[in-house]
Amino acid sequence: MSSDLSAPLAARFEQIRAQLPPGTNLLAVSKGHNAELIRQAVALGQRSFGESRLQEARAKQAQLADLPPLDWHFIGRLQANKVRSVLRSFGTVHSIDSLELAQRVARIAAEEQLAPALFFQVKLLPDPSKGGFSPEELQQLWPQLRALGPARPVGLMTITPLGLTPPQSRAVFEACRALADACGLPGCSMGMSGDWQQAAAAGSTWVRIGSGLFGSRASGTGLVAECDPIQ
Ligand SMILES: *Cc1c(COP(=O)(O)O)cnc(C)c1O
């Protein structure tokens, strides 16, 4: 991790922003942290925030309703019965991990007259703890996945398994970038606090950084218990 957590929030944002190549956006993952911290980040110019739990996110969105509209991204596992509420509260979903979910999102987006941006989650190495399409599944289902109007497929999302070396992570990210390119998808949501530099170097368009910006989620915001595990 390159960010110094003893530094003020502004310095952490600066440090990360200074290292991001053009075309790589910063998604500040605010799950497990309170609305006041988000407000501070907004004051530092951050507009895009990632949350993985609907209820927690909506409570914070309500507390921040006085601010100009923010750009909310849903990054957690999306349950079928939460799709409508998630689409009402988030403009982008990073965790579309099955054809069935994708089609449900498209149908509800049409009913709600919304056009959410979608990332398909892919699993490039075997990892029983995570969902997602294998590259073969993605390619096989691609004719159906690409036609989800009014939802907008914009990219692929991946999470590396724990314990990879930086060169191994970089190879996974490069494979994700190549698969997105092969599908004609511009976006790649990849890279977290521990590996965003490798992801940025491999062509990530969104690095999703939580603890590297806001500190540990275990350190007492009172929201930790509500937080879904990383998937
Ligand atoms: C929590 C989470 C992140 C951020 O993780 P950090 O290691 O705190 O940066 C990124 N992506 C997803 C999908 C997450 O659930």
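Order of listing sets the numbers, starting from 1, for every ligand and every atom in it. One is the number of the first residue; the rest follow in order along the sequence. Predicted, not measured: the structure shown is a model, and the values here were computed from it. What you see below is based on every heavy atom in this structure, not just the backbone, and it leaves out hydrogens, waters and symmetry mates.
The existence of a salt bridge linking Glu51 and Lys60 is confirmed by a sub-4.0 Å separation between a basic side-chain nitrogen and an acidic carboxylate oxygen. The existence of a salt bridge linking Glu174 and Arg177 is excluded, since no basic side-chain nitrogen approaches an acidic carboxylate oxygen closer than 4.0 Å. Ion pair Glu100/Arg104 not flagged as a salt bridge, since none of the NZ, NE, NH1 or NH2 atoms sits closer than 4.0 Å to an Asp/Glu carboxylate oxygen.
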### Message
Test side chain to side chain donor-acceptor pair (under 3.5 Å) on Arg208 and Ser189; report intermediate values, then the result.
### Response
CA-CA 7 Å; Arg208 308 177 308 266; Ser189 164; 2.9 Å; yes

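Contact annotation for Lys31 and ligand 1: only side-chain heavy atoms (C-beta onward) come within less than 4.0 Å of the ligand.
With ligand atoms numbered from 1 in the order given, ligand 1 contributes 4 (C), 9 (O), 10 (C), 11 (N), 12 (C), 13 (C) to contacts under 4.0 Å with heavy atoms of Arg208. Each of the following atoms of ligand 1 lies closer than 4.0 Å to a heavy atom of Ile209: 9 (O).
Close N/O approach between Ser52 and ligand 1 is not found [any backbone or side-chain N/O within under 3.5 Å]. The shortest N or O to N or O distance between Met157 and ligand 1 is not under 3.5 Å.
For the ligand labelled ligand 1, residue His94 lies outside the 4.0 Å heavy-atom shell.
Checked options Phe119, Trp72, Phe120; the residue passing with His94 is Phe119 (criterion: ring-ring contact (aromatic ring centres under 6.0 Å, His included)).
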